[in-house]
Amino acid sequence: MTEMVFGTTPVRAGDPILPRWWRTVDRWSLACVLALFAIGLLLGLAASVPLAEKNNLTPFYYVTRQAIFGGAAMVAMLVISTFSPKQVRRIGVLGFLVTFAVVLALPFVGTDFGKGAVRWLRLPGGMSVQPSEFLKPCFVAICAWFMAAGQSVGGPPGRAYSAGVAGAVVILLALQPDFGQASLVLFSWCVMYFIAGAPLMLLFSVLGTAVAGGFFAYNASEHFARRINGFLAAEVDPRTQIGYATNAIQEGGFFGVGVGEGSVKWSLPDAHTDFIIAVAAEEYGLIMVLAIIALYMTVVVRSLMRLRDERDPFARIAGTGLACAFGVQALINMGVAVRLLPAKGMTLPFVSYGGSSVIASGIAVGMLLALTRALPQGRMGDLLGRRG
């Protein structure tokens, strides 16, 4: 049996898929994701009970649903993490075509659930899905494919194609309106474009265009203007979600007020989703918040370190985009809670309640784990080519 060593990980030709996967996957990142999901269930035990009582449901109705959604997400993550970069690219491109079509149809078949934005698709049985959550990892995959193809000799103008796709997706999300997701998509594209070798001046031009688009949205969208005005206000209205969250974080201090003793979950309608970090800060204190931040940082930093020497352009570009999107989404969610950013309605990956969010996060991290495995499709080919 032939054994090859990449870094400190032995890869044996002909190994069964599961032992090979276990030796090559980033187990630290995998452990961090599992820990984030466990923390989400723990926080859900406190944060979702008031909402269940308000809706005349059993106390742990939402926690049970989150466990089911999370189980599906973990299965999806583990299965996808066994894929090769080529398989990741294929499911990403196919997934983009499907989800983009669904998002395109949302103005005609979607619903807003009274929140002023048509982002959801109602399914039979009272279920709903937010297609834009699934669009994000697929968007990263198709743009990385275009950019990687453009680097080959005689290849297509891949970066131009990716710019067209990014522009279409950003406009489509902004029209919902979902400026948070649109900003995250644009950020992911800029990171990948930079990794693919884009000149800095071009990126600054994109940034300038985004700022101009923000001014336009401020003047054209009451939804967007209301959130910006609330963010820029000198004082926070204590009766708003930001006001409740800010007070909860201050009350929590270093060690928290105690498990189950927090009060913010009874005031915040989105305590179990967008503002779940406020529940963590109030009941468990700064210690828990720092632990959550450390888990996200570990996944992002380890992924970027493993991608640093990746020779496969698609794996390097897509992996970087997925890792940065994962980290920035967490940063945006927590930044909103402490009023460093305007309210955006973005979940905390694996921690916030939500079927679409947690399953889409599982798909995205599964793709990331697949692209950062020590099975170096690009690196192995390069090494063997040089030896031959």
Student: Can you tell me how far the CD atom of Gln66 sits from the OG1 atom of Thr273, to the nearest 0.5 Å?
Tutor: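 Output value for this atom pair is 10.5 Å.
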Student: Take Asp274 and Tyr353 through the side chain to side chain donor-acceptor pair (under 3.5 Å) test and state the conclusion after the steps.
Tutor: CA-CA 8 Å; Asp274 300 346; Tyr353 171 83; over 6 Å; no
Student: Rounded to the nearest 0.5 Å, how far apart are OG of Ser132 and CG of Leu184?
Tutor: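 Reported to 0.5 Å precision, the distance equals 10.0 Å.
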Student: For Ser29 and Arg302, work out which heavy atoms get closest and say how close.
Tutor: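 Scanning both residues, the minimum pair turns out to be OG-CB, 3.9 Å.
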Student: Should Ile292 and Leu36 count as side-chain neighbours, where that means a heavy-atom distance under 4.5 Å?
Tutor: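 Side chain of Ile292 against side chain of Leu36, heavy atoms only: contact under 4.5 Å found.
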Student: Please examine the side chains of Leu30 and Leu78, heavy atoms only from C-beta on, and report whether any two atoms are closer than 4.5 Å.
Tutor: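 In contact.
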Student: Run Glu310 and Arg306 through side chain to side chain contact (heavy atoms under 4.5 Å, CB included) and show every step you take.
Tutor: CA-CA 7 Å; Glu310 177 59 63; Arg306 291 169 76 94; over 6 Å; no
Student: Would Ile68 end up clustered with Val33 when hydrophobic side chains under 4.5 Å apart are linked, directly or stepwise?
Tutor: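 No; tracing contacts between hydrophobic side chains, which count when under 4.5 Å, never links both residues.
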Student: Can you check whether Arg122's main-chain N or O pairs, donor with acceptor, with Ser128's side chain at less than 3.5 Å?
Tutor: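 Here the side-chain-to-backbone pair does not exist.
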Student: Is it true that Trp189 and Ser162 share a donor-acceptor pair across their side chains at a distance under 3.5 Å?
Tutor: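 There is such a pair (donor and acceptor under 3.5 Å, judged by atom type) between the side chains of Ser162 and Trp189.
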Student: Using side-chain heavy atoms (C-beta onward) and a distance below 4.5 Å, is Ile39 in contact with Leu295?
Tutor: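 With C-beta onward as the side chain, the pair touches.
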Student: Between the side chain of Asn55 and the main-chain N/O of Leu57, is any donor-acceptor distance below 3.5 Å?
Tutor: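 No: the side chain of Asn55 does not pair with the backbone of Leu57.
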Student: Once rounded to the nearest 0.5 Å, what's the spacing between atom CZ of Arg308 and atom OG1 of Thr372?
Tutor: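 Arg308 CZ to Thr372 OG1: 13.5 Å, rounded to 0.5 Å.
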Student: Report the C-alpha distance between Gln181 and Glu133 in whole Å, list the side-chain angles of each, state the deciding distance to 0.1 Å, and finish with yes or no for side chain to side chain donor-acceptor pair (under 3.5 Å).
Tutor: CA-CA 8 Å; Gln181 299 284 19; Glu133 291 285 357; 3.2 Å; yes
Student: Could you pull out all donor-acceptor pairs under 3.5 Å where a side-chain atom in residues 98-110 meets a protein atom, sequence neighbours excluded?
Tutor:
from	atom 1	to	atom 2	distance (Å)
Thr99	OG1	Gly95	O	2.7
Thr99	OG1	Phe96	O	3.3

Student: Looking at every non-hydrogen atom in both residues, tell me the closest pair between Val299 and Cys32 and how far apart they are.
Tutor: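 Taking Val299 first and Cys32 second, the nearest heavy atoms are CG2-CB, 3.6 Å.
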Student: Given 3.5 Å as the limit, does a donor-acceptor pair link the side chain of Ser84 with the main chain of Gln87, or not?
Tutor: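 Looks like yes, one N/O pair under 3.5 Å.
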Student: Taking the six-membered ring for Trp, are Phe37 and Phe350 closer than 6.0 Å centroid to centroid?
Tutor: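 Ring centres of Phe350 and Phe37 not closer than 6.0 Å.
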Student: Hey, are the side chains of Val338 and Ile249 touching, using non-hydrogen atoms and a 4.5 Å cut-off?
Tutor: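 Yes, close enough: below the 4.5 Å cut-off.
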Student: Assess the residue pair Trp21 and Ser81 against the criterion (side chain to side chain donor-acceptor pair (under 3.5 Å)); give the C-alpha distance rounded to whole Å, side-chain angles, the decisive distance to 0.1 Å, and a yes or no.
Tutor: CA-CA 8 Å; Trp21 169 83; Ser81 69; 2.8 Å; yes
Student: Hey, is the main chain of Ala196 close enough, under 3.5 Å, to the side chain of Gln151 for a donor-acceptor pair?
Tutor: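 Yes, because the side chain of Gln151 sits within donor-acceptor range (under 3.5 Å) of the backbone of Ala196.
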Student: Taking transitive links into account, so neighbours of neighbours count too, which hydrophobic residues share a cluster with Phe255 at under 4.5 Å side-chain distance?
Tutor: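 Phe255 shares its hydrophobic cluster with Phe254, Leu286, Ile287, Leu290.
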Student: Taking the side chain as every heavy atom from C-beta outward, state whether Val129 and Trp120 have any pair of such atoms under 4.5 Å apart.
Tutor: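 In short, these two side chains do not touch, never coming nearer than 4.5 Å.
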Student: Quick one: does Ser48's side chain have a donor or acceptor within less than 3.5 Å of a partner on Leu45's backbone?
Tutor: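 Checking the backbone N and O of Leu45 against the side chain of Ser48, no donor-acceptor pair under 3.5 Å is found.
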Student: With a 4.0 Å cut-off, would you call Lys265 and Glu282 a salt bridge?
Tutor: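 No, no charged N to carboxylate O under 4.0 Å.
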Student: Please give me the minimum heavy-atom distance between Pro59 and Ala52, naming the atom from each residue.
Tutor: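 Looking at all heavy atoms of both residues, the shortest contact is O-CB, 3.7 Å.
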Student: Enter the distance from Leu94:CG to Arg90:CZ here, rounded to the nearest 0.5 Å.
Tutor: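 The CG atom of Leu94 sits 11.5 Å away from the CZ atom of Arg90.
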Student: If you look at every heavy atom in Cys324 and Leu304, which pair is closest and at what distance?
Tutor: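 In terms of heavy atoms, the two residues are closest at SG-CD2, 4.4 Å.
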Student: For Val49 and Phe60, what are the C-alpha separation, side-chain angles and deciding distance, and is it a side chain to side chain contact (heavy atoms under 4.5 Å, CB included)?
Tutor: CA-CA 6 Å; Val49 171; Phe60 301 118; 4.0 Å; yes
Student: Measuring only between side-chain heavy atoms, which start at C-beta, is Val365 closer than 4.5 Å to Met74?
Tutor: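 Counting from C-beta outward, Val365 and Met74 never come under 4.5 Å.
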Student: Taking the six-membered ring of Phe146 (Phe, Tyr or Trp), confirm whether the NZ or CZ of Arg159 is under 6.0 Å from its centre and within 45° of its axis.
Tutor: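 No.
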Student: Should Trp22 and Arg27 count as side-chain neighbours, where that means a heavy-atom distance under 4.5 Å?
Tutor: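 Yes - at least one pair of side-chain heavy atoms lies under 4.5 Å apart.
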Student: Using modelled atom types only, decide if a donor and an acceptor are shared between the side chain of Arg119 and the backbone of Pro177 within a distance under 3.5 Å.
Tutor: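 Confirmed, Arg119 side chain pairs with Pro177 backbone.
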Student: Please check if Leu369 and Met305 belong to a single hydrophobic cluster, counting links between Ile, Leu, Val, Met, Phe, Trp and Tyr side chain heavy atoms closer than 4.5 Å.
Tutor: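 Hydrophobic grouping puts Leu369 apart from Met305.
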Student: Within the structure provided, determine whether Leu42 and Tyr284 are in side-chain contact (heavy-atom separation under 4.5 Å).
Tutor: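 Yes, their side chains come closer than 4.5 Å.
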Student: Does any donor atom in the side chain of Ser352 or Thr347 lie under 3.5 Å from an acceptor atom in the other side chain?
Tutor: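 No, no side-chain donor-acceptor pair sits under 3.5 Å.
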Student: Quick check: closest heavy atoms across Ala370 and Val88, and the distance to 0.1 Å?
Tutor: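 Residues Ala370 and Val88, closest heavy atoms: CB-CG2, 3.7 Å.
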Student: Between Asp178 and Leu173 (side chain of the first, backbone of the second, donor and acceptor by atom type, cut-off under 3.5 Å), is there such a pair?
Tutor: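 Checking the backbone N and O of Leu173 against the side chain of Asp178, no donor-acceptor pair under 3.5 Å is found.
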Student: How long is the gap from CD1 on Ile91 to CD1 on Ile363, to the nearest 0.5 Å?
Tutor: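 These two atoms lie 7.5 Å from each other.
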Student: Using a 3.5 Å distance criterion without hydrogens, assess whether the side chain of Ser357 forms a donor-acceptor pair with backbone atoms of Gly354.
Tutor: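 The answer is no, because no donor-acceptor pair under 3.5 Å joins these two groups.
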Student: Using every non-hydrogen atom in the two residues, find where Ala148 and Ile317 come nearest and quote the distance to one decimal.
Tutor: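 Closest approach of Ala148 to Ile317: N-CD1, 4.2 Å.
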Student: So Phe326 and Tyr296, would you call those rings parallel, tilted or perpendicular, with 30° and 60° as cut-offs?
Tutor: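 Phe326 and Tyr296: tilted rings.
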Student: Take Asp312 and Arg316 through the test side chain to side chain contact (heavy atoms under 4.5 Å, CB included) and record every step on the way to the result.
Tutor: CA-CA 6 Å; Asp312 180 351; Arg316 184 176 65 251; over 6 Å; no
Student: Do Met288 and Ile277 share a hydrophobic cluster, counting only Ile, Leu, Val, Met, Phe, Trp and Tyr and linking them when any side-chain heavy atoms are less than 4.5 Å apart?
Tutor: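 Cluster IDs for Met288 and Ile277 match.
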Student: Taking a hydrophobic cluster as the set of Ile, Leu, Val, Met, Phe, Trp and Tyr residues connected by side-chain heavy atoms closer than 4.5 Å, whether directly or through intermediates, do Leu371 and Ile142 fall within one such cluster?
Tutor: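 Yes; tracing contacts between hydrophobic side chains, which count when under 4.5 Å, links both residues.
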Student: At what distance, to the nearest 0.5 angstrom, does CG of Leu348 lie from CD1 of Ile332?
Tutor: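 Result: 11.5 Å between the selected atoms.
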Student: Grouping I, L, V, M, F, W and Y whenever their side-chain heavy atoms are under 4.5 Å apart, do Leu368 and Val75 come out in a common cluster?
Tutor: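 Same hydrophobic cluster.
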Student: Applying the side chain to side chain contact (heavy atoms under 4.5 Å, CB included) criterion to Val191, which one of Val328, Thr320, Leu322 satisfies it?
Tutor: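 Testing Val191 for a side chain to side chain contact (heavy atoms under 4.5 Å, CB included) against Val328, Thr320, Leu322 leaves exactly one candidate, Thr320.
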Student: Is the side chain of Arg373 donor-acceptor paired with the backbone N or O of Thr82 at a distance under 3.5 Å, no angle test?
Tutor: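 Side chain of Arg373 to backbone of Thr82, a donor-acceptor pair under 3.5 Å: yes, one is there.
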Student: Carefully, step by step, assess Met346 and Val336 under the rule side chain to side chain contact (heavy atoms under 4.5 Å, CB included).
Tutor: CA-CA 9 Å; Met346 194 170 291; Val336 167; over 6 Å; no
